[in-house]
Amino acid sequence: MKYTVLLFLLCFSQMAYSQSTCQEECYTSDDMEKIIIKNDTLYLVVYQPHLILFWNDTIAVCKVERLAESLLRVSSLYTTDDMEKDVIVDFNYESNKSDSIQIKFDIPFDLYDLDIAVYGEGIKECKRKSNNIFLISRKERFFNFCIAPKDYLPHSIEGSFYGLLYYMSSGIDLKEDADSVYITIPFINNAFFQRYYIKEDYIYIEGDMLHWKGKVYNKVV
């Protein structure tokens, strides 16, 4: 009997500790969107009727800064600045020189083909991901690229799309003696274009109502 009471007290104290250290608030809108604020993290959940093509219902994960009791500032945990740092560019050198430099992309996205465009001073070439090898002249001094999905499915019932329309790189300098460039972009996975990326947006809380981007979310009690 003593061991049973001790076990009960231990479990109860653990539950009490968890509740005291994890503050969670939940708000919902009339169109079934949900905002969950857990400690200093915000989750935007939008119900997806077509989950076969969409990765999941949580389309945004943000850090929360409480500027005042009723004012929050939110930014995505993973930003476009972080993306740029994660692009891997490898130059390969071979003995057989040609008039062109080959550019090839390694992208984990595999739901369907992506549109890839390569830009330079004298080039603009577009291809699908299934044929993502580009040849550019050695006369080019730099290039950049743009990657976009071929279709956009709405996130919300009223037809809104929250994801990225495209990813555009910064300029990449070419090396004269390089024969090929291998570009690895690990973050463009199947969920990349579906996520909602937010940079320093503001949320106002008034009583049990949360106001964000022209919508009102009511607190779930």
Side-chain angles (χ1 to χ4, degrees), residues 19 21-87 107 109 111-117 144-170 185 187-221:
Q19 291 175 355
T21 57
C22 180
Q23 301 297 321
E24 182 172 312
E25 303 171 65
C26 182
Y27 300 83
T28 58
S29 64
D30 292 338
D31 57 357
M32 300 175 64
E33 290 188 4
K34 182 188 293 184
I35 291 176
I36 300 170
I37 302 175
K38 189 173 182 180
N39 293 334
D40 58 352
T41 306
L42 178 144
Y43 304 88
L44 175 61
V45 181
V46 180
Y47 170 70
Q48 302 299 323
H50 35 257
L51 273 179
I52 294 176
L53 296 177
F54 275 81
W55 202 247
N56 56 49
D57 287 333
T58 303
I59 65 171
V61 181
C62 304
K63 62 181 178 182
V64 178
E65 297 178 78
R66 295 188 180 269
L67 304 179
E69 186 176 350
S70 59
L71 184 63
L72 309 178
R73 180 166 60 198
V74 294
S75 295
S76 294
L77 292 180
Y78 190 70
T79 67
T80 52
D81 294 334
D82 298 321
M83 297 173 196
E84 194 68 32
K85 299 173 186 175
D86 290 342
V87 176
I107 304 169
F109 186 101
L111 284 178
Y112 45 78
D113 278 347
L114 297 171
D115 288 328
I116 304 175
N144 58 5
F145 58 87
C146 180
I147 301 173
K150 62 178 183 178
D151 295 305
Y152 302 95
L153 290 174
H155 283 96
S156 64
I157 296 172
E158 72 271 14
S160 298
F161 178 74
Y162 296 107
L164 286 179
L165 298 177
Y166 58 85
Y167 171 76
M168 176 68 79
S169 74
S170 60
I185 314 173
F187 53 83
I188 299 187
N189 54 27
N190 289 346
F192 178 74
F193 291 105
Q194 301 159 12
R195 294 196 187 104
Y196 187 15
Y197 297 93
I198 301 161
K199 187 173 183 179
E200 293 190 350
D201 208 352
Y202 295 87
I203 293 175
Y204 177 68
I205 299 176
E206 181 183 19
D208 289 338
M209 294 185 298
L210 184 150
H211 302 265
W212 190 26
K213 293 189 176 294
K215 284 189 177 183
V216 177
Y217 300 79
N218 296 297
K219 190 172 186 178
V220 178
V221 293

V64 and T41 have their tightest heavy-atom pair at CG2-C, 3.9 Å
Output for pair (T28 OG1, Y217 OH), nearest 0.5 Å, gives 10.0 Å
Here the gap from L114 atom CG to I107 atom CD1, rounded to the nearest 0.5 Å, amounts to 6.0 Å
query: Within a strict 4.5 Å, meaning less than it, do heavy atoms of the E33 and L44 side chains meet?
result: yes
**Study point:** Heavy-atom side-chain contact between Y78 and R195 under 4.5 Å
**Key:** no
H211 versus I203: any side-chain heavy-atom pair under 4.5 Å?
no
Checking side-chain polar atoms at under 3.5 Å, does Y204 have a donor or acceptor matched by the opposite partner on E206? no
What one should report as the nearest heavy-atom pair of Q194 and L111 is NE2-CD1, 3.9 Å
query: F193 versus I147: any side-chain heavy-atom pair under 4.5 Å?
result: yes
Short N-O contact, D113 and K150, less than 4.0 angstrom: no
Test side chain to side chain contact (heavy atoms under 4.5 Å, CB included), reference Y43, set I59, I37, I35, I36, output is I36
Nearest heavy-atom approach of F109 to N189 is CD1-O, 3.1 Å
**Asked** Side chains of C62 and S75: does their closest heavy-atom pair fall under 4.5 Å?
**Response** no
One should read off an interatomic distance between I198 CD1 and K63 NZ, to the nearest 0.5 angstrom, of 12.5 Å
d(W212 CH2, D201 CG) to nearest 0.5 Å is 6.0 Å
On a heavy-atom basis, the closest approach of R66 and E25 is NH2-OE2, 3.3 Å
Heavy atoms of M83 and Y197 approach each other most closely as CE-CE2, 3.4 Å
>> Please verify the inter-ring angle class for F192 with Y167; under 30° counts as parallel, over 60° as perpendicular, anything in between as tilted.
In response: perpendicular
- prompt: Is there a donor-acceptor pair closer than 3.5 Å between any side-chain N or O of S169 and the backbone N or O of N144?
  reply: no
Please test M209 against N218 for side chain to side chain contact (heavy atoms under 4.5 Å, CB included), starting from the C-alpha separation and ending with a verdict.
CA-CA 5 Å; M209 294 185 298; N218 296 297; 3.5 Å; yes
Exercise for review: Decide yes or no for F187 and D82: does some side-chain heavy atom of the first lie under 4.5 Å from some side-chain heavy atom of the second?
Suggested key: no
Indicate yes or no: at least one non-hydrogen side-chain atom of K215 is less than 4.5 angstrom from one of D31. yes
